[in-house]
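We number each residue from 1, following the sequence as shown. Below, each value reflects all heavy atoms present in this structure, side chains not excepted, and no hydrogens, waters or symmetry copies. Read the numbers this way: they start at 1 and go in the same order the structure lists the ligands and their atoms.
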Amino acid sequence: MELAEKIDPTLDLAGEIVRLKKERNAVILAHYYQEDDIQDIADFIGDSLQLAQAAKSTAADVIVFCGVHFMAETAKILNPSRTVVIPDMDAGCSLADGCPAPEFARFRAQHPDHFVVSYINCSAAVKALSDVICTSSNAVKIVSRIPKDRPVIFAPDKHLGAWVRKQTGRDDMVLWNGTCIVHETFSERKLIDLKVRHPQAKVIAHPECTAPVLNLADHIGSTKALLEYTRQSEASEFIVATEPGIIHQMEKYSPRKKFIPAPGEDESCNCNECPYMKLNTMEKIYAAMRDLKPTIEMDEAVRLKALKPLELMLEWSA
Ligand code: 13P
Ligand code: SF4
């Protein structure tokens, strides 16, 4: 039986979630790509770095992580005494899934003298094989901290890696060949079409986009950085080259500004939406809080190895 069939359709889900939050002493953390109704019941909305910091410092007993698996796993690594529940265990990420730990270990072994920087969009097992973790908001800062005479491996996003390589001038950087299935679909040609039709609009893009798309951007940054830019900019129109879930907060902060989602190559497929993020629903959040499952569990040895590079990231981005 499908989950939705088991839940009374007349139930006030938002009200029940608030009730369970008190009963369980829970905090709801949500990423900007979540559906609007989920963002509206969250205690905290943020980018990957902000969510990791919030998970580490929370006093709540239960963390309800409305995002994808690697984010919830990061919360557990940083705060293991909390129960971390995720509404849908299948909420993966093409970057994390495209970088299996055994293959990554072989890749690393081919470059034994390299300093290993892994984007937070990877599994705990890959984090455990890394020297430092980064997010899109601190990647340039983190890579700039690595001594110049030390070559660098950057995994698993080759587009973010190429952008960081350009920003830092670290031409020695070796990239793992991974991509985000959402950000790589933004079309350069369609973006140029949109720019022609909206000449006043600023183009804002996430660094997981391809180089031709990033070359068209007026501002590049993490989800939080893009949101901040739209709040502070004097422009009144923005073409948004990232997952359109972020537009909910952009419209809340700047109700008089116009936000145009950048299209994917094939406009009929909603390819600019993250299918993993969108697996989470209010019904699943309610059920996860009611049943306290599914929970994130992991091997303690792996957790401790993954914690080290995560702590170094937090130290270097402070
Ligand atoms: P941010 O850290 O910028 O929110 O990015 C997370 C992500 O998965 C982007 O696709
Ligand atoms: Fe992963 Fe891309 Fe979805 Fe972000 S948008 S969670 S990088 S698949």
Side-chain angles (χ1 to χ4, degrees), residues 29-35 38-39 42 44-55 65-75 78 86-99 117-123 126-127 133-142 154-161 163-164 176-186 204-210 213-214 217 219-230 240-250 261-262 264 269-280 310 313-314 317:
L29 306 183
H31 188 265
Y32 289 120
Y33 296 164
Q34 293 294 282
E35 298 282 10
I38 298 178
Q39 294 190 33
F44 183 82
I45 312 165
D47 68 6
S48 309
L49 180 63
Q50 291 177 297
L51 290 169
Q53 287 163 331
F65 211 111
C66 302
V68 291
H69 187 270
F70 77 82
M71 295 178 174
E73 199 176 52
T74 301
L78 290 168
I86 181 165
D88 192 317
M89 210 38 140
D90 292 333
C93 167
S94 66
L95 283 167
D97 297 347
C99 188
V117 184
S118 292
Y119 187 33
I120 199 163
N121 298 39
C122 64
S123 66
V126 167
K127 288 184 176 74
I133 305 301
C134 71
T135 73
S136 57
S137 66
N138 60 20
V140 171
K141 194 172 177 181
I142 297 284
F154 190 95
D157 187 347
K158 68 174 178 186
H159 298 307
L160 174 67
W163 179 72
V164 173
W176 176 268
N177 187 17
T179 59
C180 159
I181 52 162
V182 179
H183 289 85
E184 75 172 354
T185 65
F186 291 116
I204 57 174
H206 195 279
E208 288 174 11
C209 293
T210 61
V213 167
L214 294 179
H219 188 74
I220 298 167
S222 74
T223 49
K224 174 190 173 252
L226 298 182
L227 175 62
E228 284 307 310
Y229 178 79
T230 61
V240 182
T242 192
E243 215 275 359
I246 182 82
I247 293 177
H248 185 50
Q249 295 304 317
M250 290 176 174
C269 80
N270 283 344
C271 300
N272 61 356
E273 288 195 4
C274 176
Y276 307 107
M277 288 276 182
K278 273 18 187 196
L279 281 177
N280 294 332
L310 266 171
M313 170 188 81
L314 295 174
S317 45

### Query
What are the atoms of ligand 2, with element, lying closer than 4.0 Å to any heavy atom of L95?
7 (S)

#### Entry: Over all atoms of both residues, closest heavy-atom pair of T179 and D157
CA-OD1, 4.3 Å

## Note on the structure
Atoms of ligand 2 under 4.0 Å from any heavy atom of S94, numbered from 1 in the order shown, are 8 (S)

### Summary
Nearest heavy-atom contact between C180 and L95 is N-CD2, 3.8 Å

## Note on the structure
Going by the 4.0 angstrom heavy-atom rule, the piece of S136 near ligand 1 is side chain

### Query
For ligand 1, is any non-hydrogen atom under 4.0 Å from Y32's backbone (N, CA, C, O), its side chain (CB onward), both, or neither?
neither

### Summary
Nearest heavy-atom contact between L214 and A205 is CD2-CB, 3.9 Å

### Task
With heavy atoms only and a cut-off of under 4.0 Å, state how E243 meets ligand 1: side chain, backbone, both or neither.
neither

### Query
What is the minimum heavy-atom distance between G161 and F154, and which atoms define it?
CA-CD2, 3.5 Å

### Task
Among all protein heavy atoms, pick the one closest to atom 2 (O) of ligand 1 and tell me residue, atom and distance.
S48 OG, 2.7 Å

### Task
Provide the number and element of each atom of ligand 2 under 4.0 Å from a heavy atom of N121.
7 (S)

### Message
Do S118 and I133 make a side-chain contact, defined as non-hydrogen atoms from C-beta onward lying under 4.5 Å apart?
### Response
yes

### Task
Report yes if some N/O of D47 lies less than 3.5 Å from some N/O of ligand 1; otherwise report no.
no

### Task
Among all protein heavy atoms, pick out the one at the shortest distance from atom 9 (C) of ligand 1; state its residue, atom name and that distance to 0.1 Å.
E208 OE2, 3.2 Å

## Note on the structure
Taking every heavy atom of H206 against every heavy atom of S136, the minimum-distance pair comes out as NE2-OG, 3.4 Å

### Task
Mark up the atoms of ligand 1 that fall under 4.0 Å of a heavy atom belonging to N121, in ascending order.
7 (C), 8 (O)

### Message
Donor-acceptor pair, distance only, cut-off 3.5 Å: does the side chain of S94 make one with the backbone of I181?
### Response
yes

### Query
Can you tell which part of K224 has a heavy atom less than 4.0 Å from ligand 1: side chain, backbone, both or neither?
neither

### Query
Taking atom CZ of F186 and atom CD of E208, what is their separation to the nearest 0.5 Å?
10.0 Å

### Message
Can you tell me if, anywhere in C180, an N/O/S atom lies at a distance from atom 1 (Fe) of ligand 2 that is smaller than 2.8 Å?
### Response
no

### Sub-4.0 Å atoms of ligand 2 with respect to non-hydrogen atoms of E208
2 (Fe), 7 (S)

### Task
Between T135 and ligand 1, find which residue part has any heavy-atom pair under 4.0 Å and reply side chain, backbone, both or neither.
neither

### Query
If you count the atoms of ligand 1 from 1 in the order shown, which ones are under 4.0 Å from a heavy atom of Y33?
7 (C), 9 (C), 10 (O)

### Query
Can any side-chain N or O of Q39 pair as donor or acceptor with the backbone N or O of Y32 at less than 3.5 Å?
yes

### Query
To which protein heavy atom is atom 1 (Fe) of ligand 2 closest, and what is the distance rounded to 0.1 Å?
C93 SG, 2.4 Å

#### Entry: side chain to side chain donor-acceptor pair (under 3.5 Å) partner of K278, chosen from E35, Q34, E243
E243

### Query
Closest non-hydrogen protein atom to atom 3 (Fe) of ligand 2, residue and atom name please, with distance?
C274 SG, 2.4 Å

### Task
Just jot down the ligand 2 atoms closer than 4.0 angstrom to any heavy atom of Y276, in number order.
8 (S)

### Task
Kindly compute the distance separating NE2 (H69) from CG (N121), expressed to the nearest 0.5 Å.
13.5 Å

### Query
Between the side chain of K127 and the main-chain N/O of C122, is any donor-acceptor distance below 3.5 Å?
yes

### Query
Heavy-atom contact under 4.0 Å between M277 and ligand 1?
no

### Task
Check T242, T223, N280 against Y33 for a side chain to side chain donor-acceptor pair (under 3.5 Å) and give me the one that passes.
T242

### Summary
So the atoms of ligand 1 within less than 4.0 Å of a heavy atom of H183 turn out to be 10 (O)

### Query
What protein heavy atom is closest to atom 5 (O) of ligand 1, reported as residue, atom name and distance in Å?
H206 NE2, 3.3 Å

### Message
I need the atoms of ligand 1 closer than 4.0 Å to a non-hydrogen atom of S222, numbered in the order shown.
### Response
3 (O)

